[in-house]
Amino acid sequence: MSELVRTHRDGDVLVVEIDNPPVNALGPGVPEALAAVLDAADRDDGVAAIVVRGAGRTFVAGADIATLEDAAWGDEAAAADLHDLLRRVEQCRTPVVMAIHGTALGGGLELAMAGHYRVADAAAQVGQPEVNLGIVPGAEGTQRLPRLAGVAKALDMCVSGRPVTAQDALAAGIVDEIAGEDLTASAVAFARRVAARSSHPLTSERAERLGDPETNAPLLAAARAQAEKIRRHQVAPLKAVDAIEAATRLPFEAGCRRERELFFECVRGEQAKALIHVFFAERAASKLPEDMAHLTPAEIRTIAIVGGGTMGSGIAMACANAGLDVILTDATGDAVAAGEAAIRTNYDATVARGRLTPDAVADRLARIHLTPPAAFPARAVEADLVIEAVFEDLALKQRVFREIDAAARPGCILATNTSTLDIDAIASATSRPEAVIGLHFFSPAAVMRLLEIVRGSRTDLDVLVAALAFAKRVRKLGVVVGNGPGFVGNRLMFPYMYETQFLVEDGATPAQVDRALAGFGMAMGVFAVDDMAGLDVGARVRKALGHFSDPRERRPLVHERLVAMGRLGQKRGAGWYRYDEPRKPTPDPEVEALIRSLATDAGIAARTISDEEIVDRAILALVNEGARALEAGVAARASDIDVIYVNGYGFPGWRGGPLFYADRRGLGEVLARIRAFHREHGERWRPAPLLVELAERGGTFRGGALHGRAGARSR
Ligand code: T1G
């Protein structure tokens with residue numbers, strides 16, 4: 001028998017264990033091995049019931065996404081054909097009980113639903129997350145889920161992609177029982193109870209929860225509206241609704257055929273290619289490079305944070321949310337109190353939205369130990385990691401690091417949350433530069449998933465490994481980047497921002513630029529982002545990065561003026577936009593007039609700017625700088641840049657990130673466009689040498705850029 005599927009007997013119950021590490025995906029060989037075991041069981045009169053479970057940490061986490069990727073790139077035969085297996089499961093003469101622990105996702109839940117019964121561990125989760133990969137469930141999930149859970153629940157799960165808890169699944173009718181402590185024992189006992197029944201429920205034959213056209217119409221309409229809202233521009237969620245609609249109208253087999261058509265339409269599409277790229281890119285980014293794989297990360301339990309402002313308090317929440325202890329301090333008692341107030345306000349809002357219970361908040365608050373500055377040195381010795389989150393000023397940070405260096409225990413990791421400053425310069429203020437690292441959180445730090453982990457020239461590998469493990473522990477996506485100006489994210493951001501500022505000087509308006517970028521798929525327009533972050537923040541960073549020190553460079557005219565006018569963005573009710581209502585930008589004729597007058601004074605005549613020009617100048621500025629970052633080695637892989645932009649800067653995942661986007665558009669065309677900009681706008685558009693090299697030899701960023709330290713994963 002194949003090692004992918006093992007069996008043992010518990011009396012008259014056959015326990016089948018799928019063992020395909022790490023997550024029991026239904027990769028090549030698994031469906032066949034499972035079918036063979038079921039065939040044998042059906043022939044064996046001594047087997048009264050079958051329990052199917054996953055080995056290790058989880059039930060089946062779905063089809064093997066690598067095979068989906070092959071299918072997306074044209075090898076349709078690679079996409080696991082699970083239909084025969086599911087039919088085989090359902091038609092088993094012997095009742096099949098699926099025993100679910102960990103996560104039953106995608107094809108995992110589809111397999112579970114083909115069984116006659118389902119028993120779930122209390123901590124298990126089940127879901128149809130396929131939309132995250134730009135596809136619809138492809139193994140009958142859109143047909144079986146509405147039959148078990150009803151149309152509304154199926155729509156919600158397939159459109160949002162969010163898994164549900166075992167308790168929720170029980171209430172919805174997806175599972176039949178929650179297991180006790182021992183899942184296998186519970187499932188075996190359940191199997192014995194049902195074995196003697198004369199017949200067993202077949203999901204495919206159920207119709208009682210499928211509703212009727214009249215009651216379904218508003219549900220389908222609401223799901224389509226929901227898809228447009230939470231997954232704008234994406235095709236898969238709408239196709240998932242189509243597939244569920246087919247379930248309500250067609251017999252089971254015909255509905256499955258329709259689902260399959262929709263599945264292949266998706267998997268062949270650009271969005272699936274992009275989202276599957278992001279899936280693997282995220283995992284590649286957070287993986288240890290080979291030279292570190294042997295290192296065991298030191299455990300981080302207690303974190304001291306210096307600075308209780310927006311970033312410091314957000315980081316404190318992120319740590320407390322993950323069950324870690326936090327010592328939070330600032331330069332004055334008042335500042336500590338302000339940090340505490342900000343944390344409480346944020347948690348209160350979470351409770352008001354129903355996301356956390358007051359008890360859970362109390363538990364988290366109890367983990368955050370507010371510490372006046374005088375008491376800090378004595379407490380800091382408890383910390384495994386100290387994170388500095390003070391004002392973005394090198395001299396100040398160096399002073400804080402000297403203090404931290406004096407207080408922290410040997411072996412403690414010293415991290416700075418700087419978004420732009422030189423890690424080595426900060427490290428040089430300490431007696432242990434090898435313990436210093438950058439942890440660049442994104443705002444709001446308790447929410448945003450991205451964490452740039454900045455490796456200084458002297459940072460120890462042990463420290464890097466511990467930082468990656470810490471990122472995982474606080475549920476962040478850690479991406480290791482080099483210590484260059486602006487690291488990766490902000491390095492690319494500034495050329496993008498400047499270009500959009502030139503666009504408004506050339507004749508566009510901030511609102512037109514933002515609309516064009518939203519149309520491209522950016523989560524927010526660039527001017528709205530600048531207003532949210534604060535124009536003063538941008539100005540400070542620009543200075544720190546030393547941009548526009550060359551007088552021959554074209555320099556944006558408006559930003560500095562807005563700062564001087566006190567139009568610092570949302571917090572002042574005015575920036576690039578006006579804010580009559582909090583957080584709601586309204587175009588401001590005064591700003592538009594200011595832009596025109598400054599541009600006219602500088603001899604720039606206004607012309608009509610197309611949305612296409614806006615998108616090209618903004619996005620290709622990211623691409624060109626991305627190529628430079630890769631070449632400079634501050635990003636190890638092209639896909640790391642994509643991960644950073646998708647998770648930290650609102651770049652649409654369904655376009656795969658800036659460099660994947662460039663690949664798909666064709667580097668030859670991208671280069672031609674950048675060369676045209678170079679001729680028209682001058683040196684800032686000089687094509688990155690790496691881009692020229694790849695384009696000229698017909699290569700792609702994805703296929704492997706030449707210079708990155710770790711090299712691209714060429715899947
Ligand atoms: N296929 C292949 N590899 C997978 C995989 C999968 N489904 N899921 C995870 N991996 C790999 C992953 O690349 C990584 O590998 C390792 O497992 C650990 O993952 C027909 C079309 C299960 C919650 O979308 O959500 O079924 O980098 O680091 O944080 O309708 O992985 O170590 O080499 O993420 O503990 C639907 C995706 C597929 C589930 C575990 N299923 N996976 O999280 O570990 S489409 C999914 C996850 C489908 C059917 C269709 C998570 C996890 P490596 P990890 P984790």
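Position 1 is the first residue of the sequence, and the numbers go up from there. For the numbers below, each heavy atom of this structure counts, side chains included, while hydrogens, waters and symmetry mates do not. Remember, it's 1-based here, ligands and their atoms both numbered in the order they're listed.
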*Do the charged groups of Arg144 and Glu110 touch, with an N to O distance under 4.0 Å?*
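No, Arg144 and Glu110 are not salt-bridged.
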_Between Glu69 and Arg702, does any NZ, NE, NH1 or NH2 come within less than 4.0 Å of an OD or OE carboxylate oxygen?_
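Result for this pair is yes, salt bridge flagged.
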*May I ask which of Asp64, Asn20, Val23 has a heavy atom nearer to atom 10 (N) of ligand 1 than the others do?*
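Answer by nearest heavy atom: Val23.
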*For atom 41 (N) of ligand 1, which candidate among Ala61, Gly106, Gly27 provides the closest heavy atom?*
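When every heavy atom of Ala61, Gly106, Gly27 is considered, Ala61 comes closest to atom 41 (N) of ligand 1.
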So is there a nitrogen or oxygen of [X] less than 3.5 Å from a nitrogen or oxygen in ligand 1?
X: Leu82; result: no
X: Ile65; result: yes
X: Gln128; result: no
X: Gly108; result: no
X: Arg57; result: yes

_If the contact criterion is a heavy-atom separation under 4.0 Å, does Pro22 count as touching ligand 1?_
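Heavy atoms of Pro22 do come under 4.0 Å of ligand 1.
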*Results of salt bridge (Lys or Arg N to Asp or Glu O under 4.0 Å) for Glu253 - residues two or more places apart only*: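 Salt bridge (Lys or Arg N to Asp or Glu O under 4.0 Å) list for Glu253, sorted by chain: Arg87.
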Please set out all donor-acceptor pairs under 3.5 angstrom arising from side-chain atoms of residues 462-471, sequence neighbours excluded.
none

*asked:* Using the ring centroid of each side chain, check whether Phe660 and Phe701 are separated by less than 6.0 Å.
replied: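 Aromatic pair excluded; centres sit 6.0 Å or further apart.
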